[in-house]
Amino acid sequence: MALTAFTSRLGRSQGRIATPKATSGDYAFVLGDDEPGRFFDLAPGDHAEVTQQIDLTDAMLVRAILRLRVPASTPSGFAWEASIVVDGTKCARMRARPGRERLVTDLAANVSKLSGLHTVGVRLELVVA
């Protein structure tokens with residue numbers, strides 16, 4: 001499908017968004033577009049990321065609990081990778097293939113050797129499977 005101004009866009013249904021399904025302070029983290037019928041032209045390495053500064057002085061682990069749903073329309077040979085990044089470096093990662101949904105409760109990065117302020121985040125990336 002050729003992408004046009006009517007099917008591909010930048011907007012409020014990308015990145016970290018509140019959706020009707022997001023309750024109790026939960027948010028959807030969208031790579032591409034969450035609105036049905038809207039598409040985004042992605043290439044391997046394209047990613048969405050949210051970060052914040054955290055003092056890791058007394059921390060042993062940084063954990064992320066998330067539900068990862070990969071659209072069935074994702075081309076074969078590709079996967080989505082969710083990772084925890086610390087200062088821009090992936091410290092923990094997991095992958096899911098097209099058409100799959102996973103509840104991820106064990107994504108954790110060991111930060112026991114770090115102290116002081118560091119930029120910590122969660123990245124959602126399209127990768128070659």
Side-chain angles (χ1 to χ4, degrees):
M1 164 191 261
L3 296 178
T4 68
F6 298 104
T7 58
S8 178
R9 68 179 178 156
L10 296 173
R12 294 181 297 182
S13 55
Q14 299 171 336
R16 182 178 182 261
I17 60 173
T19 67
K21 294 180 183 177
T23 58
S24 304
D26 295 339
Y27 286 84
F29 194 49
V30 179
L31 177 61
D33 202 306
D34 191 46
E35 188 176 317
R38 298 287 185 174
F39 299 93
F40 199 83
D41 191 15
L42 297 173
D46 286 348
H47 65 273
E49 179 176 277
V50 60
T51 62
Q52 67 182 47
Q53 290 279 312
I54 298 176
D55 184 357
L56 297 176
T57 301
D58 295 321
M60 300 302 277
L61 295 172
V62 173
R63 293 176 50 122
I65 298 173
L66 53 98
R67 181 176 306 279
L68 182 60
R69 179 177 42 91
V70 182
S73 61
T74 302
S76 63
F78 293 95
W80 283 16
E81 181 176 88
S83 58
I84 295 176
V85 292
V86 178
D87 297 328
T89 301
K90 292 180 188 178
C91 295
R93 66 184 87 188
M94 59 76 55
R95 289 186 178 184
R97 298 197 185 278
R100 308 208 55 194
E101 182 172 334
R102 289 181 58 184
L103 175 61
V104 181
T105 59
D106 58 352
L107 187 61
N110 182 346
V111 294
S112 62
K113 300 212 184 313
L114 300 176
S115 63
L117 285 176
H118 292 270
T119 303
V120 177
V122 175
R123 178 183 292 173
L124 181 60
E125 182 176 358
L126 180 67
V127 297
V128 176

| query | Just wondering, are more than 12 heavy atoms of other shown residues or ligands nearer than 6.0 Å to CZ in Arg95? | reply | yes

Rounded to the nearest 0.5 Å, what's the gap from [atom1] on [X] to [atom2] on [Y]? Could you check?
X: Arg69; Y: Arg67; atom1: CZ; atom2: CZ; value: 10.0 Å
X: Ile84; Y: Thr89; atom1: CD1; atom2: OG1; value: 13.5 Å
X: Glu49; Y: Arg123; atom1: CD; atom2: CZ; value: 4.5 Å
X: Arg97; Y: Thr74; atom1: CZ; atom2: OG1; value: 12.0 Å
X: Asp106; Y: Arg63; atom1: CG; atom2: CZ; value: 7.5 Å

| said: What verdict does the side-chain contact (heavy atoms from CB on, under 4.5 Å) test give for Val86 and Ile54, after you've listed the backbone C-alpha separation in whole Å, the side-chain angles of each residue and the deciding distance to 0.1 Å? | reply: CA-CA 10 Å; Val86 178; Ile54 298 176; over 6 Å; no

Counting C-beta onward and ignoring hydrogens, is there a side-chain heavy-atom pair between [X] and [Y] closer than 4.5 Å?
X: Val128; Y: Phe78; result: yes
X: Val62; Y: Leu56; result: yes
X: Leu126; Y: Trp80; result: yes
X: Val111; Y: His118; result: no

Taking the side chain from [X] and the backbone from [Y], do they hold a donor-acceptor pair closer than 3.5 Å?
X: Arg93; Y: Val85; result: no
X: Asn110; Y: Leu61; result: no
X: Thr57; Y: Gly116; result: yes

| query | Given the rule that I, L, V, M, F, W and Y join up when any side-chain heavy atoms are under 4.5 Å apart, are Val127 and Val70 in one cluster? | reply | no

| note | Heavy-atom nearest pair, Ala96 first then Leu68, reads CB-CD2, 3.6 Å

| said: Quick check: closest heavy atoms across Ala64 and Val122, and the distance to 0.1 Å? | reply: CB-CG2, 4.2 Å

